[in-house]
Amino acid sequence: DAGVTQSPTHLIKTRGQQVTLRCSPKSGHDTVSWYQQALGQGPQFIFQYYEEEERQRGNFPDRFSGHQFPNYSSELNVNALLLGDSALYLCASSLEGGLNSPLHFGNGTRLTVT
Amino acid sequence: GDSVTQMEGPVTLSEEAFLTINCTYTATGYPSLFWYVQYPGEGLQLLLKATKADDKGSNKGFEATYRKETTSFHLEKGSVQVSDSAVYFCALTPPRGATNKLIFGTGTLLAVQP
């Protein structure tokens, strides 16, 4: 049973560029959340997708956008990259159902913006 | 707003020593509380959780008790092993949230020496 898989594992981009990160949820899960983890910090909630719609959003600018596909996989897009966007981006999946559905995290995508 | 504060690290212990990592939270009402662990190069793994006051979460020898009166959820283990070396995150899910969004502390690095 595959867990949450993310691609790519590492990525280097230049300021101003755009990036797309991908996530496949754990088998049977239908909800995907994205988190940003800066070096030495705890993860910060970006947004959550369920039924192909953004259900909740954290305090991130519109440069951060996402998408969920009918097979429940998801993409995170970041436009006009800034140096401060350098971080580990974590995807987490769960079943729709709130507190009774624990989050399962992938190993993350390490994004470096130069 | 809702937040989590945990003790700064690193915490360095010898094998078989007693571990305490302090965590306090700010939230209106009764959030659910979690401890996650992050091993080097990996994503987050749920270690334990508690969903109501006075609940004790436990797993792999780790324990934490939900204390409403002190708004705390301290992590303890009686005898640590080298394999416990990792970063530990305390987190909460807001009590009135529409999703299972997590708010994390900044993490505490634990280094266990043989």
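Quick note: numbers below take in every heavy atom, side chains included, and nothing from hydrogens, waters or symmetry partners.
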Near R63(A) CZ, under 6.0 Å, is it more than 12 heavy atoms from other residues, nucleotides or ligands?
yes

Is E42(B) atom CD crowded by more than 12 heavy atoms from other residues, nucleotides or ligands, each under 6.0 Å away?
yes

Could you measure the distance from the CZ atom of F89(B) to the CZ atom of F34(B)? Nearest 0.5 Å is fine.
15.5 Å

Just wondering, do [Y] and [X] contact through their side chains at under 4.5 Å, heavy atoms?
| X | Y | answer |
| --- | --- | --- |
| R15(A) | V113(A) | yes |
| L13(B) | L110(B) | yes |
| C23(B) | V4(B) | yes |
| N100(B) | Q48(A) | yes |
| L19(B) | V112(B) | no |

Would you find a donor on one side and an acceptor on the other, under 3.5 Å apart, between the side chain of Y66(B) and the backbone of P31(B)?
yes

So for L46(B), is it side chain, backbone, both, or neither that comes closer than 4.5 Å to the heavy atoms of chain A?
side chain

So which part of Q45(B) gets closer than 4.5 Å to some heavy atom of chain A, the side chain, the backbone, both or neither?
neither

Mind checking which of residues 36-46 of chain A sit less than 4.5 Å from chain B, heavy atom to heavy atom?
Q37(A), G40(A), Q41(A), G42(A), P43(A), F45(A)

If contact means a heavy atom pair closer than 4.5 Å, which residues of residues 73-91 of chain A contact chain B?
L88(A), L90(A)

Look at the aromatic rings of F62(B) and Y88(B) and report parallel, tilted or perpendicular, splitting at 30° and 60°.
tilted

Do the side-chain N and O atoms of Q18(A) and T20(A) include a donor-acceptor pair separated by under 3.5 angstrom?
yes

So for Y35(A), is it side chain, backbone, both, or neither that comes closer than 4.5 Å to the heavy atoms of chain B?
side chain

